[in-house]
Enquirer: 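Here's a structure for you.
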Amino acid sequence: MPASQAAKTFQKLFLQICPAVLCFAPFINAMSQMPLRTLIVGVDHRQTVSLNGQWHYLVEQPPARELYDDQGKVRDGGYAQNTRPNITSGPHNTEYDFADAPTLKVPGDWNSQDPTLFRFEGVVWYQRDFQFEPKPESRTFLHVGAANYRSFVWVNGKRICQHEGGFTPFDCEVTAAAHSGVNAVVIAVDSTRHKDDIPTVSYDWFNYGGITRDVSLVSVPEHFIDDYDIHLQHGSAFAAKDARTLSGYVHVQDAPAGTSVTLRVPEAGVTKTVSTDANGRAGFTAEASTLKLWSPTSPRLYRVSVASGADAITDDIGFRDIRVDGTKILLNGNPVFLQGANVHAEAPVRGGRVNTDEDVKNIFGMLHDLNANFARLCHYPHDERMERYADRDGIMLWSEIPLWQRISFDKSDVYDKAVEMLHEMIRRDRNKASVIFWSVSNETPNNPTRTKFLTDLANEARHTDPTRLITSALIGPRVAEDKISQDDPLMQALDVVGQNEYIGWYEGQPEEADRKVWTFSMNKPLIFSEFGAEAKFGNHGGNHDRWTEEQEANVYEHQFAMMRKIPQVRGVTPWVLMDFRSTTRNIPKLQDGYNRKGLFSEKMEKKKAFEVVRKAYKEHAIGKAE
Ligand code: GCU
């Protein structure tokens with residue numbers, strides 16, 4: 001049951017038990033004020049009113065007293081009220097004015113738009129007006145594709161929701177707060193880092209702040225389809241002859257039990273009508289008369305429509321099966337070898353957070369140049385355009401939540417936050433055939449507290465979506481020795497093991513990779529999920545001259561020679577497709593604020609290492625699918 005549903009149910013129950021509002025009135029008041037967030041799946045396939053465009057903005061220096069009071073609680077009386085100052089007539093009332101403030105493009109991080117904000121980490125207030133005409137028996141939500149890192153939303157001065165996390169969407173109901181005519185929305189985005197955030201205070205990418213993905217208004221009927229999961233039935237084994245059974249569920253928000261739901265996949269000869277249970281959820285299985293499975297060579301998508309009462313949605317969904325068999329990864333029953341690259345959400349050429357069709361097209365163009373069939377979307381959920389493009393293009397994806405290195409694994413509220421982010425990632429993308437892995441973390445310290453946290457999270461991911469494979473990118477053991485034995489107990493909870501290592505860059509010379517003998521205490525499919533070296537494009541020298549294209553290329557030659565000797569290697573993702581901004585990379589003339597391990601420069605220029613990888617992929621010369 002979605003959190004918002006649970007909160008509503010609890011609220012109703014509470015009011016039944018305690019009708020006399022005297023008891024715990026403040027608590028009821030708090031509950032009623034609690035912003036009930038929902039998450040509407042498939043918004044990009046619904047009729048929406050885009051709120052993208054120029055938003056007024058005001059920068060608030062720490063400690064951001066317009067947003068937080070002395071105790072750190074969110075204030076509703078500050079800039080949130082969007083008050084106009086009495087400039088001429090007095091009496092003096094306030095000292096801000098969105099209407100005459102400069103503007104930022106939404107979607108877009110503030111860092112790459114306003115040079116005075118390039119390194120700013122803190123609170124930026126956004127404001128715009130929007131036209132609204134309430135429709136009878138309908139509800140309207142403000143849909144935000146992502147805002148980094150904390151967001152607080154007011155409409156006409158009334159707080160309607162808040163969200164934590166910089167990479168997943170959220171929806172805030174505006175129905176009660178909006179009126180006919182011109183309305184004002186104010187969003188405060190706080191990109192300040194905190195130890196118990198996810199990611200935590202230090203990470204190797206740029207902290208782009210702001211409303212970084214699309215914003216729209218979406219109106220739906222009173223009872224609407226907010227969630228669905230429509231996939232190829234995932235039995236205990238894959239049998240091609242049975243690969244025509246679809247299964248899953250549709251959830252209709254606030255629908256009474258017995259509400260009818262009809263699923264249609266016309267090109268697969270599927271029409272199926274089912275009814276919701278007491279929680280608004282309707283499970284189904286349906287036999288297709290014919291079904292072409294999704295794969296990289298044939299990324300077949302089907303137009304799916306779901307209708308219930310006054311609501312109807314469509315989506316474009318591919319049907320495929322992914323599972324492991326011993327150390328093999330099977331796509332539709334066939335062993336696959338995944339050859340790809342790590343991709344950060346850094347916009348090629350222009351820089352900043354990826355959020356346009358052009359950005360996405362450029363990234364997939366580089367993957368195609370590489371002969372890739374796979375990409376690790378590191379280290380956080382990317383713009384939904386990436387999964388949509390991969391669905392159409394036939395590129396398989398690793399999707400990950402940003403539990404990067406030293407997270408506060410000892411805190412239960414951090415675990416709850418991780419579960420929320422995991423659910424938001426899975427809920428948005430569970431109908432995307434291209435996503436084959438959910439990853440719960442990257443390079444976390446091997447200790448019992450972390451292993452329990454991530455084992456529980458991996459099991460939560462598997463419970464939430466039993467049709468995909470669960471993975472994580474491990475680091476260590478130290479690779480200085482020739483014998484490298486990986487016995488991280490987290491592997492127990494994974495279907496596929498990701499292994500990061502930097503032989504030839506952080507450890508030793510490239511040729512040392514030739515002597516390495518890896519052993520893994522778990523016999524599972526292995527992806528070398530990070531390896532590589534830094535090189536500034538155009539910087540040339542010998543095979544051992546660090547920071548040159550030649551040294552980077554030499555690292556790849558010896559890395560691949562090492563990997564060929566490890567039978568359970570079923571995939572590789574070099575670190576990284578393209579140079580990307582990072583506040584931790586500050587060697588002048590070589591890094592200048594960029595992590596330079598790209599196969600491409602940030603201007604999409606190919607380094608020598610690109611050719612080594614492209615050729616190895618073309619010749620399938622790194623590992624075997626079985
Ligand atoms: C780490 C980490 C990456 C980082 C990379 C590097 O393995 O996972 O996020 O950018 O190494 O040091 O370049």
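All ligand and atom numbering here is 1-based and tracks the order in the structure.
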Enquirer: Hey, looking at atom 4 (C) of ligand 1, which of T584, N342, D204 has the closest heavy atom?
Expert: D204
Enquirer: Tell me, please, which residues at least two apart from T464 pass side-chain contact (heavy atoms from CB on, under 4.5 Å).
Expert: H423, I426, R430, E460
Enquirer: Can we say D196 and K417 salt-bridge, meaning some charged N sits less than 4.0 Å from an Asp/Glu carboxylate O?
Expert: no
Enquirer: Test of understanding: given a 4.0 Å heavy-atom threshold, classify the contact between Y203 and ligand 1 as side chain, backbone, both, or neither.
Expert: neither
Enquirer: In the protein, what heavy atom is nearest to atom 7 (O) of ligand 1, and what distance, to one decimal place, separates them?
Expert: E443 OE2, 2.1 Å
Enquirer: Do any heavy atoms of Y506 fall under 4.0 Å from ligand 1?
Expert: yes
Enquirer: Could you tell me whether R596 approaches ligand 1 through its side chain, its backbone, both or neither, with non-hydrogen atoms closer than 4.0 Å?
Expert: neither
Enquirer: Using heavy atoms and a threshold below 4.0 Å, how should the contact between I475 and ligand 1 be classified: side chain, backbone, both, or neither?
Expert: neither
Enquirer: What's the separation between atom CG in N207 and atom CZ in F120, rounded to the nearest 0.5 Å?
Expert: 11.0 Å
Enquirer: Taking the six-membered ring for Trp, are F560 and H558 ring centroids under 6.0 Å apart?
Expert: no
Enquirer: Report, as yes or no, whether the 6.0 Å neighbourhood of atom NZ on K411 holds more than 12 heavy atoms from other residues, nucleotides or ligands.
Expert: yes
Enquirer: State whether the shortest distance between N or O atoms of H379 and N or O atoms of ligand 1 falls below 3.5 angstrom.
Expert: yes
Enquirer: Which residue from E501, E530, H344 reaches closest to atom 3 (C) of ligand 1 through any of its heavy atoms?
Expert: E530
Enquirer: Which protein heavy atom lies closest to atom 5 (C) of ligand 1, and at what distance to 0.1 Å?
Expert: Y502 OH, 3.4 Å
Enquirer: Contact between F580 and ligand 1, counting heavy atoms under 4.0 Å?
Expert: yes
Enquirer: With the side chain counted from C-beta on, respond yes when I329 and I322 share a heavy-atom pair under 4.5 Å apart, and no when they do not.
Expert: yes
Enquirer: Ligand 1 versus W205, non-hydrogen atoms closer than 4.0 Å: side chain, backbone, both, neither?
Expert: neither
Enquirer: Does the cation-pi check pass for R585 over W205, that is, NZ or CZ under 6.0 Å from the six-membered ring centre and within 45° of its axis?
Expert: no
Enquirer: Would R585 count as a contact residue for ligand 1, given that I'm defining contact as a non-hydrogen atom of the residue lying under 4.0 Å from a ligand atom?
Expert: yes
Enquirer: Once you restrict to heavy atoms under 4.0 Å, what part of N442 touches ligand 1? Side chain, backbone, both or neither.
Expert: side chain
Enquirer: Verify the ring-centre separation between H382 and H344: is it less than 6.0 angstrom?
Expert: no
Enquirer: Can you list the residues that meet the side-chain contact (heavy atoms from CB on, under 4.5 Å) rule with S601, with sequence neighbours excluded?
Expert: F537, D579, K603, E605
Enquirer: Answer side chain, backbone, both or neither: which part of K597 comes under 4.0 Å from ligand 1, heavy atoms only.
Expert: side chain
